[in-house]
Asker: 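One structure, pasted below without further comment.
One is the number of the first residue; the rest follow in order along the sequence.
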Amino acid sequence: RVTMNGRRYIFFDNIGFATETKKAIIKKKSKTTYIFRADDKKRKVIAEPNKPTMLGNFIPGIYKIPATKENDNGKFIGYLTFSFKNSNSETVDVHENFPEANLNINLEGADKLDKKNTKVKINGKQYSYDHAKLYGPYPVTEEIEVTAEGKAKDKTFKSSTVKLYPNELKSNTPVRLNFEKEKIDKYVKEKEKEENSLKNKVTKFFNKYSLAMNNAAGTNNFASISNFFKPDTADYKTMKQNFQTGQGIQSLIQSPQVVDVSQEGSKVYAEVLNINSQGVWVTSKYKLEDSAKHPAKSDDESDLKIISNKE
């Protein structure tokens, strides 16, 4: 700095200048790594999920900084942008400008699949399926592989696999995955037929069991119901002891209704709604054994024996 006082010049040495700066802040929902240059230096900043992260201190201006970002979905190339124009605080919000692809996934032939258990797999990572959701973002510079799977009557079915190339990727990229509808429909129809047959079989069993229980209660005769239990199980022994000690049946079964039934090999699981001796509707869960050589083809209720029961 130089000043003039009359005919004299005055010089000031070692003058410093202080420039106002502000913190550039970014906030991400998932862990993200940024690499960019600022003040002629390469910087690497890791933004933790849902936490404000400072990229650095910057003097006033409008910024468009070339950068790369990397997260679980891949590596993106673009810009970090921010401006001091509308900032009245000590910080300025950073915005991203990265070309990105989002996937709009539609499943064909999946109407018989259990919606709660249907999954999509993108580049090997599995997500719950939601037809209204856009999946992403993903880099537009890398290939993306998409497939899906779901269950119908406890059997898993897989869709076709679609590979997307960079020239196909855009902000809203439609993806159609096809399931073998005829194969699924045939399987579901066969299983429903088996389930109806099993439900009828279990219903006949409990109708006879309830009559036998009421008869045993009147005669205090365990032999009337012993054939309905698998010998040497805990329930068998407890029921037999109750009759031997004169306690008999603690709770009668009236108007049994089989509300749900399933089978795994020789084991049958039944949920039965009935009126107890106090006149209250209760739900009991039974585990039974089916002794038929081909349980799925047998409708003889005498093949069934009670293993356990829980209310």
Asker: Checking S302 against D300: is there a side-chain donor and acceptor pair closer than 3.5 Å?
Answerer: yes
Asker: Charged N to carboxylate O below 4.0 Å: is that the case for D185 and K112?
Answerer: yes
Asker: Under 3.5 Å, side-chain donor or acceptor atoms of residues 167-175 against the rest of the protein: list the pairs with distances, not counting sequence neighbours.
Answerer:
residue	atom	partner	partner atom	Å
E168	OE1	Y165	N	2.7
T173	OG1	K170	N	2.9
T173	OG1	K170	O	2.9

Asker: For residues F206 and Y286, establish whether the separation of their ring centroids is below 6.0 Å.
Answerer: yes
Asker: Indicate whether any N or O donor in one side chain lies under 3.5 Å from an N or O acceptor in the other, for Q244 and N242.
Answerer: no
Asker: Less than 6.0 angstrom separating the ring centers of Y236 and F222, yes or no?
Answerer: yes
Asker: Is the side chain of S160 donor-acceptor paired with the backbone N or O of N178 at a distance under 3.5 Å, no angle test?
Answerer: yes
Asker: If the threshold is 4.0 Å, N to carboxylate O, is there a salt bridge linking D303 and K201?
Answerer: yes
Asker: Checking the side chain of T32 only, and the main-chain atoms of S30 only, is there a donor and an acceptor separated by less than 3.5 Å?
Answerer: yes
Asker: Does K208 make a cation-pi contact with F228 (under 6.0 Å, within 45 degrees of the axis)?
Answerer: no
Asker: Are any of the side-chain heavy atoms of T91 and K22 separated by less than 4.5 Å?
Answerer: no
Asker: Quick one: are the ring centres of F84 and F58 less than 6.0 Å apart?
Answerer: no
Asker: Can you pull the side-chain hydrogen bond (donor to acceptor under 3.5 Å, both in side chains) pairs that have at least one residue in residues 122-143, sequence neighbours excluded?
Answerer: K119-S128
Asker: Would you mind listing every side-chain hydrogen bond (donor to acceptor under 3.5 Å, both in side chains) that reaches into residues 46-71, with sequence neighbours excluded?
Answerer: K69-E96, K69-E100
Asker: Under 3.5 Å, is there a donor-acceptor pair between the side chain of N73 and the main chain of P139?
Answerer: no
Asker: Mind checking whether Y34 and F98 have parallel, tilted or perpendicular rings, split at 30° and 60°?
Answerer: tilted
